[in-house]
Every structure is written in C-alpha cells, then in structure tokens.
2 protein chains.
Amino acid sequence: MRIDREIVEKRMNDFFEACHKRNVKVTHQRTEIYRELASSENHPDAKMIYSRLKKRIPAIALDTVYRNLKFLEKYGLITVVGLNQDSQRFDANIRKHHHFVCVKCGRISDFYSASLDDIVVPEEASRFGKPLSINVEVKGICGVCGKKHKKE
Amino acid sequence: MRIDREIVEKRMNDFFEACHKRNVKVTHQRTEIYRELASSENHPDAKMIYSRLKKRIPAIALDTVYRNLKFLEKYGLITVVGLNQDSQRFDANIRKHHHFVCVKCGRISDFYSASLDDIVVPEEASRFGKPLSINVEVKGICGVCGKKHKKE
DNA sequence: GATTATGATAAGAATCATTCTTATTTACAA
DNA sequence: TTGTAAATAAGAATGATTCTTATCATAATC
C-alpha cells in the first residue's frame with residue numbers, strides 16, 4: 001500500500017519548499033515523518049507512523065511524531081481525516097442530515113438539504129464495498145468565531 | 001439550545017419501544033441519558049451529558065453514560081458524529097477527494113468523483129458561518145469485511 | 001404483591017491516546 | 001566554526017474511554 005515514487009517525490013519537494021518558505025527547520029525526524037505519511041495510502045495514525053519509523057530511527061519519540069503531525073497540519077501539508085475532535089460527539093437526530101463543523105470551536109450544527117440528500121454513492125466509492133450511508137461534512141468558521149476574529 | 005418538546009416526546013416513545021422490542025431493561029439512568037441527548041441540539045460528548053445528568057442523578061457514574069451511549073448507538077437510536085474512530089488518522093493527500101470508511105474495520109479509502117466535487121455548499125449550511133471545505137463521507141462495509149461476514 | 005434471575009449500575013482502577021516538562025541536541029544563519 | 005533559537009528524547013502528566021467487581025434494580029414469574 002505505497003504511493004507512486006513520483007508522487008512521493010513531488011510531495012517531498014512541496015515539504016522542503018514549505019519549510020524553507022516558513023523558516024522552519026528541516027530536521028531528520030520531521031522529514032521522515034512526512035515521508036512516511038506521504039508514502040502511505042492507508043491513512044495511518046500516529047502510533048502506526050511511529051512504529052514504522054522506529055525501524056529506521058530507533059531513538060525517535062512518539063511525541064515527536066505527534067508534534068510534527070500537528071505542525072504539518074498547521075502548514076497545510078497534511079490533513080486529519082474526519083472531524084478532528086478530541087472526544088466523541090453524539091447525535092439523537094436520526095433523520096437524514098448533514099453537518100457544519102466549526103474548525104475553531106468545534107461547534108457542530110445539523111442542516112437539511114434536499115439537493116444534498118439526492119446525491120448518490122458514485123461507483124468510485126462503491127468499488128471499495130457496500131455503502132450504507134452517505135453524508136456531507138462542511139467545515140468552516142462559525143458565526144461566533146468569525147465575529148471574534150474580526151474584533152482581534 | 002433545546003429541542004421542541006413534541007420531538008423529544010416522540011423520541012422517548014421510540015426509545016421505550018426499542019427497549020421493549022429488544023427485551024432490554026428500561027433503567028432510570030438509561031432513560032435519562034437518552035432524554036438528555038434527545039433534548040440537546042449541540043451534539044454533546046459523554047462528559048457534557050454526564051455533568052448535566054449529575055444535577056438530577058447525583059450518584060450516576062461516567063461509565064454508565066459511556067456504556068449507554070454505546071448501547072443506544074448499537075440499537076440505532078443515536079449516532080456518533082463523524083467517523084467514530086479511536087485515534088486520529090492522517091492524510092497527505094491534499095488533492096480534493098472523498099472517503100469511503102468501513103464501519104467494521106475502520107479502513108479509510110480515498111476516492112475521486114467529478115460529480116461530488118461539483119456539489120456546492122447549500123444556504124442551509126452557510127447560514128452557520130463561512131464554509132472552507134465540503135467533503136463527502138461514505139460509510140459502509142469494505143470488501144474484506146463483507147467476505148468475512150459471508151463466511152461466518 | 002413477593003420472589004428471583006439477570007442485566008445494569010457505581011466506584012475506582014486500568015488502559016490508551018495525546019500533550020506537557022525539562023534537559024539536551026541540532027539546524028542553520030552569521 | 002560558532003551562537004542560538006528551535007527541535008528532540010524521555011518520561012511524567014492529562015484526559016478520554018473501558019474494565020473489574022461487588023451491589024442493586026428491572027421485569028418476568030410465581
């Protein structure tokens with residue numbers, strides 16, 4: 001489950017460029033953490049990246065992996081899959097709906113939309129298995145956080 | 001941020017019905033945990049539900065809240081918002097794409113779809129704030145887990 | 001209405017993911 | 001080459017979630 005060498009190299013170039021542009025240090029660990037993720041197709045978590053890297057860099061600390069993943073996310077080089085919350089959030093609304101999630105405060109709002117309810121699972125997705133549900137997640141800055149930001 | 005009384009009552013009826021149909025006990029704690037979530041609009045986490053209930057049921061244990069939320073999810077009365085993972089998963093693919101997530105094994109697969117890329121944020125969503133991204137999450141049973149299930 | 005079996009709860013310990021603290025090391029600019 | 005701010009390693013700390021076990025309550029049966 002590895003990404004094509006060319007794509008990885010392009011990603012590595014983007015990484016170096018982003019580091020230089022931002023004046024952040026290109027450490028061995030940081031480089032290899034990004035390389036590991038950029039070469040993986042299966043959306044690993046921090047532990048998985050850590051244990052793979054441990055073979056090549058035995059002294060690496062798990063905290064370094066976490067720190068750099070946060071760093072890479074902040075600089076837009078990687079994303080966290082899903083909603084990026086620190087705890088599970090629950091919903092008693094069983095009716096088909098979608099979510100607006102504020103990336104600042106984590107507020108989650110339900111919304112209904114006939115047009116979005118109409119979208120069908122494309123073949124590109126059903127190729128991976130039997131679909132059970134399809135939902136749309138909109139990420140953005142909520143009204144409250146938007147106002148806060150203007151004041152600052 | 002409370003749900004209309006009528007809706008809550010309908011949900012409570014569904015809850016009692018589901019409990020009886022499944023022959024599970026209708027305990028005070030279970031009932032109030034569901035009532036609390038069914039009355040909330042803001043997708044609380046377990047801690048939040050716990051602290052609200054603590055006022056009414058001082059002896060309630062946090063574990064009971066977790067246990068019953070899992071229970072309610074299993075019986076389809078509530079859902080976990082997002083991908084319901086136990087750890088954060090990362091993605092170096094910054095090209096616009098969508099996800100197929102297996103609800104059995106947690107495997108996450110990227111897919112591309114011109115038709116899904118074309119969907120726009122509806123007014124019902126942008127009402128909550130400034131949208132930054134829109135993505136589709138398909139949940140289902142992946143090929144591997146589907147085969148396993150057939151064998152059993 | 002009382003009895004009882006079984007599932008549910010409370011309490012606290014345990015586990016797992018993630019972050020913090022601090023002393024040490026390293027990248028890289030001068 | 002050297003100075004210095006940034007990054008790292010190690011391990012402790014935190015916070016979410018789950019487990020263990022003794023006790024309790026629901027609901028079926030008498």
Side-chain angles (χ1 to χ4, degrees), chain A residues 15-37 43-75 77-78 80-90 106, chain B residues 15-37 43-75 77-78 80-90 106:
Chain A
F15 165 77
F16 291 124
E17 199 175 308
C19 288
H20 292 140
K21 190 159 64 187
R22 306 257 195 176
N23 281 324
V24 293
K25 294 183 178 170
V26 179
T27 65
H28 181 43
Q29 291 89 336
R30 176 167 293 165
T31 306
E32 293 309 308
I33 288 165
Y34 180 71
R35 189 195 308 280
E36 186 55 48
L37 186 58
H43 306 80
D45 62 8
K47 273 273 179 63
M48 209 172 299
I49 294 170
Y50 170 72
S51 59
R52 287 175 187 167
L53 285 175
K54 200 115 172 99
K55 293 169 192 165
R56 287 188 269 147
I57 312 171
I60 199 168
L62 179 56
D63 178 62
T64 302
V65 176
Y66 275 106
R67 191 162 12 83
N68 278 293
L69 288 170
K70 272 216 177 307
F71 168 95
L72 292 165
E73 191 207 358
K74 181 177 159 194
Y75 285 175
L77 288 164
I78 68 171
V80 177
V81 180
L83 264 39
N84 196 0
Q85 309 152 119
D86 44 351
S87 60
Q88 290 188 310
R89 305 278 292 269
F90 298 91
Chain B
F15 166 76
F16 291 124
E17 199 175 306
C19 288
H20 292 140
K21 189 159 63 185
R22 307 257 194 174
N23 282 322
V24 293
K25 293 182 180 173
V26 179
T27 65
H28 181 44
Q29 291 89 335
R30 177 167 292 166
T31 306
E32 293 309 308
I33 288 164
Y34 181 70
R35 190 194 308 280
E36 185 56 47
L37 186 58
H43 308 78
D45 62 9
K47 272 272 179 63
M48 209 173 296
I49 295 171
Y50 170 72
S51 59
R52 288 175 188 167
L53 285 175
K54 198 113 176 105
K55 293 169 192 163
R56 288 186 268 146
I57 312 171
I60 199 169
L62 179 57
D63 178 61
T64 302
V65 175
Y66 275 107
R67 194 164 7 84
N68 278 292
L69 287 170
K70 270 213 178 310
F71 169 95
L72 292 164
E73 191 207 359
K74 182 177 158 192
Y75 286 173
L77 288 163
I78 69 171
V80 177
V81 181
L83 263 38
N84 195 3
Q85 307 152 121
D86 45 352
S87 61
Q88 292 187 310
R89 305 278 292 269
F90 299 90

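A, B, ... follow the sequence lines: proteins, then strands. Residue 1 opens every chain. Values in this document were obtained by computation on a predicted structure and should not be read as measured data.
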Value in whole Å for how far the C1' atom of C:dT9 lies from CG of B:L53
14 Å
Heavy-atom closest pair (A:E32 atom, A:L53 atom, distance to 0.1 Å) is O-CD2, 3.6 Å
Is the shortest distance from a Lys or Arg side-chain nitrogen in B:K70 or B:E73 to a carboxylate oxygen in the other one below 4.0 Å?
no
Write down the distance between CZ (B:F71) and P (C:dA8), rounded to a whole number of angstrom.
6 Å
Taking only side-chain N and O atoms of A:K70, does any of them lie within less than 4.0 angstrom of OP1 or OP2 on C:dT19?
yes
Closer than 4.0 Å, any side-chain N/O of B:N68 to the OP1 or OP2 of C:dT9?
yes
Quick one: is C:dA10 close enough that its OP1 or OP2 comes under 4.0 Å of any side-chain N or O from B:Q29?
yes
Separation of B:K25 atom NZ from D:dT23 atom P, in whole Å?
18 Å
Atom CG of A:D86 to atom P of C:dC20: distance rounded to whole Å?
12 Å
Ignoring backbone atoms, test whether A:Y66 places a side-chain nitrogen or oxygen under 4.0 Å from the OP1 or OP2 oxygen of C:dT19.
no
Indicate whether OP1 or OP2 belonging to C:dG7 is found under 4.0 Å from a side-chain N or O atom of B:T27.
no
What nucleic acid atoms does A:I60 come within less than 4.0 Å of, heavy atoms only: base, sugar-phosphate, or nothing?
sugar-phosphate
What about B:D63: does its side chain form a donor-acceptor pair under 3.5 Å with the base of D:dC19?
yes
Does A:R67 put a side-chain nitrogen or oxygen below 4.0 Å from OP1 or OP2 of D:dA7?
no
Within this structure, what is the CD1-CD1 distance for the pair B:I49 and B:I60, rounded to the nearest 0.5 Å?
10.0 Å
OH-CD distance between B:Y50 and B:E36, expressed to the nearest 0.5 angstrom
14.0 Å
Of the candidate nucleotides D:dT17, C:dA17, D:dT20, which contains the atom at the shortest distance from the side chain of B:S87?
C:dA17
How would you label the contact of B:D45 with the nucleic acid (heavy atoms, under 4.0 Å): base, sugar-phosphate, or nothing?
nothing
Per A:L62 side chain, nearest of listed nucleotides D:dT17, D:dA9, C:dT18:
C:dT18
Value in whole Å for how far the P atom of C:dT9 lies from CD1 of B:I33
7 Å
5' precedence on DNA chain D between B:V26 and A:R30 (nearest-nucleotide basis)
A:R30
Test side chain to side chain donor-acceptor pair (under 3.5 Å) applied to A:Q88 and B:N84, B:D86, B:D45, the passing residue:
B:N84
For C:dA10, take OP1 and OP2 only and decide whether either is under 4.0 Å from a side-chain N or O of B:T64.
yes
Between P of D:dT18 and OH of B:Y50, the distance in whole Å:
16 Å
Figure out the CG/C1' separation between A:L69 and D:dT8, and round it to whole Å.
15 Å
Reported CG-to-CD1 distance for the pair B:L69 and B:I78, which is rounded to 0.5 angstrom
4.5 Å
Verify the contact: side-chain N or O of A:K47 to OP1 or OP2 of C:dA17, cut-off strictly under 4.0 Å; return yes or no.
yes
In whole angstrom, what separates B:F16's CZ from D:dT26's P?
13 Å
